Amino acid sequence: MTEIPSARGAEVGRRIGVGLMYGLWKPRVLGSWRVPDTGPVIYAVNHAHNIDGPMVMGVAPRPTHFLIKKEAFVGPLGRFLTGIGQLKVDRHSTDRTAIARALGVLENGGVLGIFPEGTRGEGDFASLRAGLAYFAVRSGAPIVPVAVLGSTDRPGRLIKALPPLRSRVDVVFGDPFDAGDGSGRRTRKALDEATERIQKQLTAHLENARRLTGR
């Protein structure tokens, strides 16, 4: 039987994230009221900086279980990530354990966080991997697009790998949408079509978020 990540652990992670993110930076959160209060949800987050995931965990209205590359699960950090309900995934193969755990989170009415670009890059949703469409179509959970802006504007003076302390980072939540076409089909063609629909929605959200924030 597949062990589902702890919802209580994810809530602990959220509380830690609140303290750290608001303590170190100045998050400005827009549209968090758009996130459904209950039921399964998938956050589709752009990924330009290492703090994007922790930032969303800290400012989102609900505890989040992120799919995180297995390379991060090393030593004490790995135990900590597992303890706060995060999901280890092997990006280089079909990780059936991670898939089952992620679907379990959604079946239990939880929030799954995904970086649909698969790896850190420009954070512009220009290239999506098929995983997001699979989880959305398979579970029927709505996708909430999330744009994190400002985390890569300039390096910090003390720690170059982080944004400057007390600098503003914007997190913009978009309207939830369904990725499927309503047919329930999970064929390769259906998933490819869903990925196209998702990319249009995420790109439009990012453009809107940039207009809203002036970034």
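Counting from 1, the numbers follow the sequence of the chain as shown. None of the values given here were measured: they were computed from a predicted structure.
- Judged by distance alone, the side chain of R62 and the main-chain N or O of P36 form a donor-acceptor pair under 3.5 Å.
- The closest side-chain heavy-atom distance from F135 to I99 is below 4.5 Å.
- Summarising the geometry, atom CG belonging to L149 is positioned 6.5 Å from atom CZ belonging to R210; distances are rounded to the nearest 0.5 Å.
- Between L112 and I114 there is a side-chain heavy-atom pair separated by less than 4.5 Å.
- The pair K189-E193 counts as a salt bridge, with a side-chain nitrogen and a carboxylate oxygen less than 4.0 angstrom apart.
- Residues H205 and V172 have side chains in contact (heavy-atom distance under 4.5 Å, counting atoms from C-beta outward).
- Within the 4.5 Å cutoff, no side-chain heavy atoms of R197 are placed close to those of F177.
- T195 has its side chain out of reach of L132: every pair of non-hydrogen atoms, C-beta onward, lies at least 4.5 Å apart.
- Tested against D90 for a salt bridge (Lys or Arg N to Asp or Glu O under 4.0 Å), the candidates R96, K70, K69 yield a single pass: K70.
- In this structure, F115 and H47 have parallel ring planes: the angle between them is below the 30° cut-off, well short of the 60° mark.
- Contact of the D170 side chain with the L30 side chain is not registered, since no non-hydrogen atoms from C-beta on lie closer than 4.5 Å.
- No side-chain heavy atom of D52 sits less than 4.5 Å from a side-chain heavy atom of V56.
- Separation of atoms CD1 (I16) and CZ (F80) is listed at 4.0 Å; rounding is to 0.5 Å.
- With hydrogens and angles ignored, the 3.5 Å screen pairs a side-chain donor or acceptor of R101 with a backbone N or O of E3.
- In this structure, the separation between CD1 on I143 and CG on D175 is 13.0 Å, given to the nearest 0.5 Å.
- In this structure, E11 does not pair ionically with R8, as no charged nitrogen and carboxylate oxygen lie closer than 4.0 Å.
- Atoms CZ and CD1, from R91 and I68 in turn, are 11.5 Å apart once rounded to the nearest 0.5 Å.
- Hydrophobic clustering (side-chain heavy atoms under 4.5 Å, transitive across Ile, Leu, Val, Met, Phe, Trp, Tyr) groups L24 together with L77.
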